[in-house]
Structures are given as C-alpha cells and as structure tokens.
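Heads up, the thing below is written out as structure tokens.
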Amino acid sequence: FWRAELATLSLRAGKDVVVAPPVTHAEWAALSALSELEGRHVVLYDEFAFSPAVAALREVVDDGTLGPAADLRFRLDLRPPLCCTDGHPTDDERAAAEWWRSRARGGGALGAAGVQAFELLGRLGGAVSAVRADADGVASDAAPEAVAFEARFASGAAAEVSLDWRADAAGAAHSAVRVHGGDGHAILDLVTGRLDLHDGEQPGGVPVEAATARGFIDECHAILANEL
C-alpha cells in the first residue's frame, strides 16, 4: 500500500496527517518519529473508535452479562459494502466494493476487510493471541474473494471470522458480530447499529458509520486546532 509514502510526503510538506489502516508497525513508528521531527500531528484512524454501537457491545462483554470472558465465542461476518448505513448502498459504495473485490487492485477479501476484522476483534475481545487459517486460502498468490479464519484471545475466548467479498454476498446478509456466552448472547448489526441482547432488550441503535463519520470530523478539527 502507498498510504505510508503519501503520509511521509505530506508530513515533510508541513501538513497534519490522518492515516487509515492498514499501516505496518514499522511504518507507523517511522511516521510518528517524522511527525515529532517536523512538529506536525499524525493520527491513525480507527474505523470503529467512535461507534456507540460497538462501545455498547463492549460494555456487555466487559460487565459479564453474557458470562465469563474465557467462555465467550465471537462470530464476525463482514460483507460489502461496509460504508452504507441503511442497507441500500449507493452506486459509489458499490463501486468501492468492486474495487476492493478485485484481487489485483484491492487484495480480495483480506485487503478489503482484514484490517477492520482485527480492529473490531481487538476492540471487543482484547488482545488476539493466535490465528488459525487455511494456508491455501489466505497465503495464495491470487487473493481470494472469501476468507474464513479462527482467532484466540489472550482471555481464552475464541472467534470465528468470515470475510466474503464475492459479488453475490453483498445482499445475502448484513455485516454483523455475534457473541455467545454461558449466560446469553448478543447480536450487533454493523450496518444499522442495532444491538439485540439475549433477553430481548434493544438499546437505542445508532448507525455505526454515521457515528464514525462524526467522530472522524471532530478529530480532524481537534488536529487543526492543535488540541491533540
């Protein structure tokens, strides 16, 4: 990816920079050092950092409502596009999904949603200690349009992840997170922001992407105002 190179050029030109992942640890370390040298700000943008719906699910996970952390089982499904808020993507959103779906340009399913998957797993379950996947499906030269893998958290909890960027997967099901525990389960629809708990309670849903966009704009204003 070329975003680290563009961020470097922008910092050297005296600009504050907001970088969206994926960025490697080495690239981020270099950008952070350069920002200090140039006296500018660089921020790594987390797609789910400002999502009230994700924060609400994290509270449910943390407070033990569903059971002990080590017993939790996560199921994460990501489908294109991730950016619409009403389940009816625009032409631009569909075009973006087509770009990511391309093995040559967007890197297939891993390029399209791999970073978001690990970002979301980390926000909900903490540190990921191990990942298991089919090497033929993940490490092949031709990036696959659909990938599935398993993850293990440091807490002992487990996760199953499905990234399906095939054309016929877009309308098949919403992107969603399901968390099952000994005392119940919760389902978060990542498109609508609706969180359903095992007992039927339905906290007020806030569209995930709309909330993210507002937070992103606020963060940019803070950078420009030198408040970070």
Shortest non-hydrogen contact from [X] toward [Y]:
X	Y	answer
L11	L31	CD1-O, 3.7 Å
V17	S10	CG2-CB, 3.6 Å
D16	H41	OD1-N, 2.8 Å
L163	F149	CD1-CE2, 4.1 Å
A186	L197	CB-CD2, 3.8 Å
F153	L121	CE2-O, 3.3 Å

Worksheet item: Does D71 have any salt bridge (charged side-chain N to carboxylate O under 4.0 Å, His left out) partners at least two apart in sequence or in another chain, and if so, which?
Response: none

Worksheet entry | By salt bridge (charged side-chain N to carboxylate O under 4.0 Å, His left out) - contacts of E160 (at least two apart) |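 If we apply the salt bridge (charged side-chain N to carboxylate O under 4.0 Å, His left out) test to E160, skipping adjacent residues, the hits are R75.
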
Worksheet item: Can you check whether R152's main-chain N or O pairs, donor with acceptor, with S129's side chain at less than 3.5 Å?
Response: yes

Practice prompt. Taking R123 for its side chain and V54 for its backbone only, find out whether a donor-acceptor pair lies under 3.5 Å.
Written response: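 Judged by distance alone, no pair lies under 3.5 Å.
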
Rounded distance [0.5 Å steps], [atom1] in [X] versus [atom2] in [Y]:
X	Y	atom1	atom2	answer
D189	L195	CG	CG	10.5 Å
L78	L120	CG	CG	7.0 Å
R58	D63	CZ	CG	11.0 Å
L9	K15	CG	NZ	13.0 Å

Worksheet item: Would you say T65 and D183 make side-chain contact, with heavy atoms under 4.5 Å?
Response: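 No, too far: nothing below the 4.5 Å cut-off.
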
Item to complete: Measure the shortest side-chain to side-chain distance between V161 and F74 over non-hydrogen atoms and say whether it is less than 4.5 angstrom.
Response: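 Result no, sub-4.5 Å side-chain heavy-atom pair not found.
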
Worksheet item: V179 and side chain to side chain contact (heavy atoms under 4.5 Å, CB included): which partner among L76, L66, L188?
Response: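 It is L66, the one option of L76, L66, L188 that forms the side chain to side chain contact (heavy atoms under 4.5 Å, CB included) with V179.
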
Fill in: salt bridge (Lys or Arg N to Asp or Glu O under 4.0 Å): pairs with one or both residues in residues 28-37, sequence neighbours excluded
none

Discussion item. S162: which residues meet the side-chain hydrogen bond (donor to acceptor under 3.5 Å, both in side chains) condition with it, sequence neighbours left out?
Written reply: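 For S162 the side-chain hydrogen bond (donor to acceptor under 3.5 Å, both in side chains) partners, ignoring immediate neighbours, are R79.
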
Practice prompt. Please list, chain by chain and in numerical order, all residues satisfying side-chain contact (heavy atoms from CB on, under 4.5 Å) with I187, sequence neighbours excluded.
Written response: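 Per chain and number, I187 pairs via side-chain contact (heavy atoms from CB on, under 4.5 Å) with R178, H185.
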
Worksheet item: For A69, which residues count as a side-chain contact (heavy atoms from CB on, under 4.5 Å) partner, sequence neighbours excluded?
Response: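 If we apply the side-chain contact (heavy atoms from CB on, under 4.5 Å) test to A69, skipping adjacent residues, the hits are S155.
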
